[in-house]
Amino acid sequence: MKLTNSLTGRKELFKPVNEDHVGMYVCGPTVYSDVHLGNVRTFLTFDVIFRFFRFLGYNVRYVRNITDVGHLENDDDNGEDKIAKKARMEKLEPMEVVKHYTEDFHQVLRQFNCLPPSIEPSATGHIIEQIEMTKKLIEQGFAYVVNGSVYFDVLKYNEQHNYGILSGRVVEELMESGRKLDSQDEKKNKVDFALWKKAASSHIMRWPSPWSAGFPGWHIECTVMSTKYLGETFDIHGGGIDLKFPHHECEIAQSVGATGKNPVNYWIHSNMLTVNGQKMSKSLGNSFLPRELFTGSHSLLDKGYGPMTVRFFMLQSHYSSTLDFSNEALNAAEKGFKKLSNALTLVKKLSHPGGSIKQTPMDEILLNLSDELYENMCDDFNTAKTLAVLFEMSGRINDFKSGNTPLSSIDNTTFEQFKAAYIGFMEDVLGLKSEEEHNQELLNGVIQVLIDLRKKAREDKNYKLSDKIRDDLKAMGVQLMDGKNGEMSYTLE
RNA sequence: GGUCUCGUGGCCGAGUGGCUAGGCAGAGCUCUGCAAAAGCUUGUACAGCGGUUCGAAUCCGCUCGAGACCUCCA
């Protein structure tokens with residue numbers, strides 16, 4: 001297993017800290033607005049990495065956080081908290097904003113068939129730990145207090161360590177470029193960053209701390225949560241390449257400053273999704289929302305595309321390359337994916353007549369193809385090459401079907417291995433299944449939600465609502481049936 | 001301005017020194033009542049210039065072009 005480590009810039013052999021175990025941390029979203037397709041690409045990348053390690057038999061702990069406090073609007077440390085701003089603008093409690101967009105995020109990832117992480121901690125759930133780590137950094141002399149706020153002292157840190165080890169930045173150059181400190185700034189130097197921010201009493205998100213009532217800085221949450229759930233040194237840290245600096249650089253500084261240990265052995269950065277060659281981002285206004293894509297209600301699309309098509313489209317490129325998003329490319333992906341998914345449906349139905357025969361050159365070809373799937377995924381998660389092999393395999397599957405290659409002409413175990421590899425890599429590793437099947441699962445999920453709602457309504461003796469749910473579903477061809485002990489089943493017409 | 005990355009055929013996109021990427025689109029053929037699906041065959045390529053090498057899309061230099069980061073972003 002080899003992967004490209006952003007820390008060294010080289011492809012390296014993967015050696016986990018604990019044999020057979022993988023600890024992976026990925027920076028999750030700041031839940032203040034809808035996730036767009038660019039965001040999805042990153043989480044899809046790490047979903048495949050998560051899936052592949054599991055497929056290889058590793059015991060993986062995948063931690064992905066939810067940032068629900070501390071992420072400030074531009075203008076670095078003097079901006080407003082993103083969640084708080086949204087809450088103020090929409091006259092909501094911050095936690096209402098958080099809940100809404102967290103659920104939206106989950107729903108979107110489910111649509112793209114991304115598995116949930118092992119642990120999904122939130123920043124507000126770890127305020128105490130963040131305060132503790134901040135204290136530790138002050139004790140170590142790498143942080144200082146000003147007017148109730150605490151800042152990380154980058155210059156001090158850089159005397160003993162290397163701030164820039166990940167991003168290749170040079171502190172002296174950072175000090176010179178960009179905007180200067182202005183009178184509002186409390187920081188000693190412009191490169192310093194906040195660990196704790198004092199908040200005015202009007203501020204709607206604040207917690208007590210030894211320094212002031214306030215809230216934690218953005219970078220400290222990831223350090224705290226990754227350390228808490230994965231240890232002081234863990235295997236893989238991932239995220240979008242745009243987080244490399246300053247976010248990930250700061251994480252390293254915080255960890256090294258607090259524990260003296262290098263926190264992460266392998267950094268993996270996924271590249272950006274672009275539109276007409278430009279990064280898809282909210283601020284540029286060129287982002288696509290998943291539902292715009294599914295329904296085709298976007299000016300750059302002339303039709304809608306299913307989530308599996310999009311998943312396939314993204315996997316056709318390597319995670320470390322930029323990927324350009326266009327209607328034409330999606331159209332091609334849709335047709336290509338259809339081919340793979342047809343073969344998937346087909347191969348599931350095929351079974352070998354039984355009987356083992358002497359292996360022929362065809363057996364060898366088929367077994368080699370299965371091996372290539374592993375080789376390509378083990379080579380820095382090369383999903384593009386893996387898909388190329390799957391295309392070749394889909395051709396063989398069609399040959400089985402048409403009789404060009406009768407199943408009886410190959411060995412039983414060869415076929416079983418081939419079949420398992422195709423299905424395994426399609427479904428378990430790449431997370432691809434036919435749109436129909438995927439839709440069916442989604443539909444089942446949706447119906448289950450309605451069943452739960454109806455159950456709740458019945459418990460509340462709100463029969464008006466419970467009957468409405470049953471009747472409306474019946475009108476759409478879904479017949480609900482109440483069982484003996486409150487169980488519920490349904491049939492589709 | 002600084003740091004870095006990229007530039008592959010009509011489109012998307014793998015590939016890092018010699019060995020077919022792949023998908024979509026195009027052309028031809030097979031199968032088919034028609035169509036679809038499927039199968040077979042096929043053309044077009046490595047931004048430009050120079051260098052290293054027996055040999056470069058792949059290494060080095062320069063030029064041009066695009067992008068990312070340096071400020072919130074996956």
Side-chain angles (χ1 to χ4, degrees), chain A residues 6 9 11 26-30 32-33 35-46 64 67 71-82 85 105 164 167-170 172-179 190-191 218 238-247 249 269-274 276-284 287 312-340 342-343 346 372 376 379-380 382-392 394-405:
Chain A
S6 313
K11 214 184 260 190
V26 173
C27 292
T30 301
Y32 71 103
S33 68
V35 283
H36 61 70
L37 279 176
N39 307 120
V40 169
R41 185 180 185 205
T42 296
F43 301 120
L44 198 68
T45 296
F46 292 100
R64 188 182 63 206
T67 297
H71 205 158
L72 305 180
E73 289 275 312
N74 44 53
D75 200 22
D76 57 323
D77 294 316
N78 295 316
E80 187 172 5
D81 182 283
K82 288 188 173 204
K85 183 184 178 189
F105 172 67
S167 61
R169 310 257 154 192
V170 179
E172 290 72 30
E173 287 172 4
L174 287 169
M175 288 292 287
E176 283 163 23
S177 68
R179 75 180 248 294
K190 58 167 297 197
V191 289
W218 176 35
I241 199 168
D242 51 354
L243 295 185
K244 197 171 182 181
F245 187 88
H247 186 55
E249 193 69 61
H269 289 100
S270 65
N271 215 318
M272 299 289 106
L273 184 65
T274 61
N276 296 323
Q278 262 203 328
K279 174 179 173 178
M280 181 183 285
S281 77
K282 275 169 215 161
S283 46
L284 288 170
S287 57
F312 167 82
F313 164 72
M314 291 189 178
L315 295 178
Q316 263 187 309
S317 73
H318 194 256
Y319 71 84
S320 64
S321 307
T322 55
L323 171 63
D324 203 60
F325 184 85
S326 71
N327 191 67
E328 212 178 353
L330 277 176
N331 224 327
E334 187 177 51
K335 290 184 182 163
F337 175 60
K338 186 92 181 128
K339 225 176 187 174
L340 286 184
N342 284 345
L346 195 57
E372 279 179 42
N376 288 323
D379 183 14
D380 202 16
N382 197 324
T383 53
K385 277 180 112 174
T386 304
L387 283 170
V389 177
L390 287 170
F391 271 107
E392 200 167 323
S394 76
R396 303 296 169 186
I397 291 168
N398 284 316
D399 284 340
F400 295 146
K401 168 79 185 323
S402 68
N404 282 348
T405 310

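Side chains included, hydrogens not; waters and symmetry mates left out as well; all remaining heavy atoms used. Just so it is clear: chains get the letters A, B, ... in the order the sequence lines come, proteins before strands, and each one is counted from 1. This is a predicted model, so every value here is computed, not measured.
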Between [atom2] on [N] and [atom1] on [X], what's the gap in Å once rounded to a whole number?
X	N	atom1	atom2	result
A:His247	B:U71	NE2	P	16 Å
A:Glu372	B:G22	CD	C1'	12 Å
A:Leu340	B:C24	CG	C1'	13 Å
A:Lys279	B:A68	NZ	C1'	7 Å
A:Met272	B:A68	CE	P	10 Å
A:Leu330	B:G23	CG	C1'	13 Å
A:His36	B:A74	NE2	C1'	7 Å
A:Phe245	B:C69	CZ	P	13 Å

Checklist entry - Would you say the side-chain atoms of A:Asn271 and A:Ser320 include a donor-acceptor pair closer than 3.5 Å? => result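 No, because no side-chain N or O of A:Asn271 sits under 3.5 Å from a partner of the opposite role on A:Ser320.
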Checklist entry - Base, sugar-phosphate alone, or nothing: which one does A:Leu387 contact when heavy atoms must sit under 4.0 Å apart? => result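 Answer is nothing: A:Leu387 stays at 4.0 Å or more from every strand.
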Checklist entry - Under 4.0 angstrom, heavy atoms only, what part of the nucleic acid is A:Gly277 near: base, sugar-phosphate, or nothing? => result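 Contact class for A:Gly277: sugar-phosphate only.
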Next on the checklist: Counting neighbours of NZ on A:Lys244 that are heavy atoms of other residues, nucleotides or ligands and sit closer than 6.0 Å, is the number greater than 12?
Outcome noted: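 More than 12 within 6.0 Å, yes.
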Can a donor-acceptor pair be found, under 3.5 Å and without considering hydrogens, that links the side chain of [X] to the backbone of [Y]?
X	Y	value
A:Thr383	A:Gln316	no
A:Asp379	A:Asn382	no
A:His318	A:Asp380	yes
A:Asn39	A:His36	yes

Next on the checklist: So that I can compare with my own list, what are the stems of RNA chain B, taken as at least three consecutive Watson-Crick or G-U pairs with distances under 3.5 Å?
Outcome noted: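 Stems for RNA chain B, defined as runs of 3 or more consecutive pairs: B:1-7 with B:64-70, B:10-12 with B:22-24, B:26-30 with B:38-42, B:47-51 with B:59-63.
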Mind checking the [atom1] distance from [N] to [M]? Whole angstroms is fine.
N	M	atom1	result
B:A38	B:C31	C1'	9 Å
B:A21	B:A47	P	15 Å
B:U8	B:A66	C1'	15 Å
B:G13	B:G7	P	11 Å
B:C49	B:C64	P	15 Å
B:U20	B:G9	C1'	15 Å
B:A35	B:G23	C1'	24 Å
B:A74	B:G18	C1'	40 Å

Checklist entry - Side-chain N or O of A:Lys335 less than 4.0 angstrom from OP1 or OP2 on B:A25? => result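 Yes, such a contact exists.
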Next on the checklist: Both A:Ser281 and A:Ala333 contact RNA chain B. Which one's nearest nucleotide lies toward the 5' end?
Outcome noted: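 Its nearest nucleotide lies further toward 5', so the answer is A:Ala333.
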Student check: side-chain heavy atoms of [X] and [Y] closer than 4.5 Å:
X	Y	value
A:Leu37	A:Phe313	no
A:Lys82	A:Thr67	no
A:Leu387	A:Phe312	yes

Checklist entry - From A:Leu323 CG over to A:Leu273 CG, what is the distance, rounded to the nearest 0.5 angstrom? => result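 A:Leu323 CG to A:Leu273 CG: 5.5 Å, rounded to 0.5 Å.
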Checklist entry - So how far is it from A:Tyr319 OH to A:Phe46 CZ, rounded to the nearest 0.5 Å? => result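 A:Tyr319 OH to A:Phe46 CZ: 7.5 Å, rounded to 0.5 Å.
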Item to check | Heavy-atom pair with the smallest gap, counting every atom of A:His269 and A:Gly240 | outcome: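 In this case the closest contact between A:His269 and A:Gly240 is CD2-O, 3.6 Å.
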Item to check | Contact summary for A:Met272 and A:Ser270, nearest pair of heavy atoms | outcome: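 Shortest heavy-atom contact: CE-O, 3.9 Å.
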Can you give me the N/O atom pairs linking the protein to nucleotides 38-42 of chain B at distances under 3.5 Å, or say none if there are none?
from, atom 1, to, atom 2, distance (Å)
B:A38, O3', A:Asn398, ND2, 3.1
B:G39, OP1, A:Asn398, ND2, 3.4

Checklist outcome for this item: In 5'-to-3' order, the base (B), backbone-only (S) or no-contact (-) status of each nucleotide in nucleotides 2-15 of chain B, using a 4.0 angstrom heavy-atom cut-off, is B--------SSSSS
